[in-house]
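Hydrogens, waters and symmetry mates play no part in the numbers below; they use all other heavy atoms, side chains included. Residue numbering restarts at 1 for every chain, and letters A, B, ... go by the order of the sequence lines. Everything numeric in this text was worked out from a predicted model, so none of it was measured.
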Protein chains: 2
Amino acid sequence: MSGERPRRSDGTRAAILRAARERFAADGYERATIRAIAADAAIDPSMVMRYYGNKERLFAAAAEFDLRLPDLSAVPDEEVATVLIRHFLDRWEGDETLMALLRAGVTNPAAADRMREIFATQLVPLAERLAPGEPLTRAGLVASQVLGLALSRYVLKLPPITAMTRAEVVAWTAPAVRHYLRGRPD
Amino acid sequence: MSGERPRRSDGTRAAILRAARERFAADGYERATIRAIAADAAIDPSMVMRYYGNKERLFAAAAEFDLRLPDLSAVPDEEVATVLIRHFLDRWEGDETLMALLRAGVTNPAAADRMREIFATQLVPLAERLAPGEPLTRAGLVASQVLGLALSRYVLKLPPITAMTRAEVVAWTAPAVRHYLRGRPD
DNA sequence: TCTGTTTGCCAACGCTTGTTGGCATAACGG
DNA sequence: CCGTTATGCCAACAAGCGTTGGCAAACAGA
């Protein structure tokens with residue numbers, strides 16, 4: 001019932017999805033053209049339409065994403081923020097889907113929706129287990145710091161941020177994230 | 001030598017610039033069309049070309065921006081972060097140029113350039129006066145937090161962040177910014 | 001082997017985009 | 001007053017976009 005038998009075109013479908021993620025990540029929603037994606041996947045643009053219907057649905061398929069947040073129940077309190085930031089950096093650098101979501105989410109409502117959904121369904125529950133009250137607010141603040149870091153480092157490439165090593169980034173931002181997770185406002 | 005005598009078309013020029021800022025802020029660089037901007041300014045699209053040459057130069061003119069960072073030399077150390085965040089919120093809500101720069105900067109290299117330039121020439125000097133060493137790094141970190149906040153609150157509209165009042169935002173983020181300005185990494 | 005389906009390409013459509021050149025009219029300078 | 005310049009609109013262009021329909025070839029099941 002749930003199992004779809006493999007088709008001969010699965011390779012092409014996967015190539016399209018891979019190329020789409022690349023282009024959306026590099027160029028954003030409007031500048032990533034179906035024609036360019038098709039060229040990257042070495043097939044005809046009309047195939048993209050046949051397999052994914054239209055550009056919007058192609059993006060939806062390419063923007064499927066799991067943060068894969070680790071289980072932090074065994075991690076000592078003082079290290080939670082450090083582990084979390086390291087994990088986010090890994091996800092940003094190891095999977096271009098997040099970049100596609102960020103670049104597209106700034107101008108495309110559906111992409112922004114997906115972004116909200118991801119943080120609401122995946123980060124908030126983690127904050128619920130970790131934080132002493134107000135998990136929504138805390139999760140939102142952590143998200144804002146992580147997103148700001150990604151924006152500065154990977155998209156805008158602010159020189160002071162790109163100049164930092166991974167370890168420096170973690171060391172500097174960990175206290176801020178720790179404050180959002182367990183601290184109190186002024 | 002520096003004084004350009006006023007032209008009869010100055011009103012039109014200003015209307016174009018105002019409409020351009022609005023559209024770039026709302027839609028980003030590629031979705032903000034010359035035609036839409038011209039319609040908002042109630043003139044013909046060809047006038048935009050005559051007065052600004054092309055779309056890229058129009059954006060450059062519309063994205064002229066001054067952070068107007070206040071003199072913080074008289075502000076007590078503990079309040080510097082609070083004052084700074086409040087000022088950024090003011091600038092973000094009172095002038096759509098910053099939104100135009102953010103929305104455009106994610107996909108347009110020239111806009112990203114301008115963004116880097118603004119933070120480098122305006123925020124770094126302030127960090128040099130305030131911070132005990134490493135002003136570049138500290139300015140970059142403050143920028144990342146402020147940009148992340150703006151992205152979450154004004155662009156992506158993450159529900160937990162938009163639900164916060166201005167005062168709550170300031171109270172929660174001030175300790176993080178204070179850490180970036182005067183604290184030490186882990 | 002014959003038949004129907006899947007995979008792929010080609011050519012084209014309707015539309016929107018940035019951009020251009022020409023033509024009218026209004027304002028200005030002498 | 002006339003000639004020049006500035007201002008504005010109209011019509012059109014070439015290019016690129018998402019999208020569609022049809023046709024050839026390869027495959028699958030009988």
Atom [atom1] of [X] to atom [atom2] of [N]: distance rounded to whole Å?
X	N	atom1	atom2	result
A/Asp27	D/dC17	CG	P	11 Å
B/Ile34	D/dC10	CD1	P	18 Å
B/Asp10	D/dA6	CG	P	13 Å
B/Met47	C/dG21	CE	C1'	14 Å
A/Arg31	D/dG16	CZ	C1'	14 Å
B/Ile43	D/dA6	CD1	P	18 Å
B/Arg23	C/dT17	CZ	P	10 Å
A/Ile16	D/dT19	CD1	P	14 Å

So which nucleotide from [options] ends up closest to the side chain of [X]?
X	options	result
B/Arg7	C/dG18, D/dT19, D/dT7	D/dT7
B/Met49	C/dC9, C/dT20, D/dT19	C/dT20
B/Arg8	D/dT20, C/dG8, C/dC28	C/dC28
B/Asp44	C/dT7, D/dC10, D/dT7	D/dC10
B/Asn54	D/dC10, C/dT19, C/dT6	C/dT19

Would you kindly confirm whether [X] and [Y] end up in one hydrophobic cluster when ILVMFWY residues are joined by side chain heavy atoms under 4.5 Å apart?
X	Y	value
B/Val106	B/Tyr154	yes
B/Val124	B/Leu181	no
A/Tyr180	A/Leu136	no

**Prompt:** Ion pair present between A/Arg129 and A/Asp71, side-chain N to carboxylate O less than 4.0 angstrom?
**Reply:**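 Salt bridge flag = no for A/Asp71 with A/Arg129.
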**Message:** With heavy-atom distances below 4.5 Å as the criterion, would you say the side chains of B/Leu98 and B/Met115 are in contact?
**Reply:**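 Touching, per the 4.5 Å side-chain cut-off.
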When you measure from the side-chain N and O atoms of [X] to the phosphate of [N], is any distance below 4.0 Å, counting only OP1 and OP2?
X	N	value
A/Ser9	C/dG8	no
A/Ser46	C/dC9	no
A/Thr12	C/dG8	yes
B/Tyr51	D/dA6	no

**Request:** Using the closest heavy atom to pick a nucleotide of DNA chain D for each, name whichever of A/Thr33 or B/Ala42 lands nearer the 5' end.
**Result:**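 Its nearest nucleotide being more 5', the pick is B/Ala42.
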**Message:** Pick the closest DNA chain D nucleotide for A/Pro45 and for A/Arg50 by heavy atoms, then say which residue is nearer the 5' end.
**Reply:**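 Between the two, 5'-proximity favours A/Pro45.
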**Request:** Kindly say whether, by distance alone, the side chain of A/Arg35 makes a donor-acceptor pair under 3.5 Å with the base of D/dG16?
**Result:**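 In this structure, the two groups form no donor-acceptor pair.
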